[in-house]
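Working notes for the structure below.
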Amino acid sequence: MVAASGTNLWAKEMAIRRRIANIFNKREEDFPSLKDYNDYLEEVEDMTSNLVEGIDVAAIEAKIAKYQEENSEQIINSRARKAEELAAALRASQNSSLVDPADAGPGPSSQGVGVGSQGQYAPAAVPGGLMQPRPTGMALQPVPVGAPADPLQGYAAEDEETMKLRAERGARAGGWTIELSKRRSIEEAFSSIWV
């Protein structure tokens, strides 16, 4: 019974995350600075975790509806851009899977990876019949001359209270709470007592 309820919670969280990611789909290039983008991501994660935990659901749903109404054009454009990128990746993976058998070499057949009848790589099919696109090898981006070595350098100007709030929210987003730490310490203390 525990596994079933855990699976339901996981499925609920995944459904919420998919829904939120489909609405709040801005990218880093949509923001003037990295700090603004990180603040946006933090706000989205806070809303997501509150929806999963059932905290202030009505207010969050109202906020989501308002955001959808105000940014409907941007949401549609982002979805279209993502669909185009996925289509391009699929085309690239299909084109790269057409390898000359002479170039295939000894390759993956000894490792148990799917191999076609001519020794070519056969990509795995996902449920639903679509082939999963493979990465096409992205080149490393050069760092501009004069760019700061630390990408989080802009956070140095924040006050101590803001830094504490960020640390607390980050820990909560990761599932850590002070109560969890206290309970574990007590359990470990009592488990070490010999009777």
Side-chain angles (χ1 to χ4, degrees), residues 3-4 6-52 60-61 63-144 147 151-152 170 173-175:
T7 304
N8 290 339
L9 291 175
W10 181 83
K12 174 187 172 188
E13 181 176 353
M14 290 299 102
I16 289 171
R17 287 191 178 280
R18 267 188 234 106
R19 177 176 162 243
I20 295 297
N22 202 17
I23 297 168
F24 294 91
N25 54 8
K26 289 186 179 179
R27 297 179 180 189
E28 185 176 350
E29 60 262 13
D30 297 332
F31 293 90
S33 70
L34 179 62
K35 182 183 183 326
D36 292 338
Y37 177 61
N38 286 337
D39 290 342
Y40 168 79
L41 291 178
E42 186 174 332
E43 181 180 356
V44 170
E45 181 59 31
D46 286 343
M47 286 190 303
T48 303
S49 63
N50 285 345
L51 282 175
V52 169
I60 294 173
E61 290 294 341
K63 190 174 185 178
I64 292 170
K66 181 180 176 187
Y67 180 86
Q68 267 186 307
E69 185 178 317
E70 292 173 352
N71 298 296
S72 60
E73 187 175 323
Q74 179 271 324
I75 292 170
I76 291 169
N77 290 339
S78 291
R79 288 178 187 168
R81 181 173 52 185
K82 183 176 181 180
E84 289 172 0
E85 289 172 355
L86 286 174
L90 181 61
R91 280 192 303 273
S93 73
Q94 288 173 344
N95 289 340
S96 68
S97 67
L98 300 175
V99 177
D100 184 18
D103 294 339
S109 61
S110 62
Q111 298 172 358
V113 177
V115 176
S117 61
Q118 298 176 343
Q120 296 173 321
Y121 172 75
V126 294
L130 296 175
M131 291 179 20
Q132 190 173 19
R134 296 183 308 197
T136 57
M138 296 175 52
L140 294 175
Q141 298 293 326
V143 178
L152 300 178

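The first residue of the sequence shown is numbered 1, and numbering continues consecutively from there.
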* To do: Decide side chain to side chain contact (heavy atoms under 4.5 Å, CB included) for L51 and I64; before the verdict, give the C-alpha distance in whole Å, the side-chain angles of both, and the deciding distance to 0.1 Å.
  => CA-CA 11 Å; L51 282 175; I64 292 170; 3.8 Å; yes

* Taking only residues two or more places apart in sequence, or in another chain, which ones meet N22 in a side-chain hydrogen bond (donor to acceptor under 3.5 Å, both in side chains)? ->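 Only R79 meet the side-chain hydrogen bond (donor to acceptor under 3.5 Å, both in side chains) criterion with N22.
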
* Set of residues satisfying side-chain hydrogen bond (donor to acceptor under 3.5 Å, both in side chains) with respect to S78, sequence neighbours excluded ->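 Per chain and number, S78 pairs via side-chain hydrogen bond (donor to acceptor under 3.5 Å, both in side chains) with Q74.
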
From [atom1] ([X]) to [atom2] ([Y]), nearest 0.5 Å:
| X | Y | atom1 | atom2 | value |
| --- | --- | --- | --- | --- |
| N25 | R81 | CG | CZ | 8.0 Å |
| Y67 | I20 | OH | CD1 | 10.5 Å |
| D36 | L41 | CG | CG | 11.0 Å |
| R17 | S49 | CZ | OG | 7.5 Å |
| I23 | R18 | CD1 | CZ | 13.5 Å |

List the residues meeting salt bridge (Lys or Arg N to Asp or Glu O under 4.0 Å) with [X], not counting sequence neighbours, and say none if there are none.
| X | result |
| --- | --- |
| E42 | R166, R169 |
| K63 | E43 |
| R19 | E61 |

* **Basic-acidic side-chain contact under 4.0 Å: E85, R27** =>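 Between R27 and E85 there is a salt bridge, with a charged N closer than 4.0 Å to a carboxylate O.
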
* Considering residues at least two apart in sequence or located in another chain, which fulfil the ring pair (Phe, Tyr, Trp, His ring centres under 6.0 Å) criterion with Y40? ->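 Applying ring pair (Phe, Tyr, Trp, His ring centres under 6.0 Å) to Y40 gives F31.
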
* Indicate the atoms forming the closest heavy-atom contact of Y37 with K26, along with that distance. =>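 Looking at all heavy atoms of both residues, the shortest contact is CE1-O, 4.0 Å.
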
* V52 side chain reached by L9 side chain, heavy atoms, under 4.5 Å ->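 A side-chain contact under 4.5 Å is absent here.
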
* To do: Apply the side-chain contact (heavy atoms from CB on, under 4.5 Å) test between F24 and each candidate in N71, V44, I75; give the one that qualifies.
  =>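 With F24 as partner, N71, V44, I75 yield a single side-chain contact (heavy atoms from CB on, under 4.5 Å), made by V44.
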
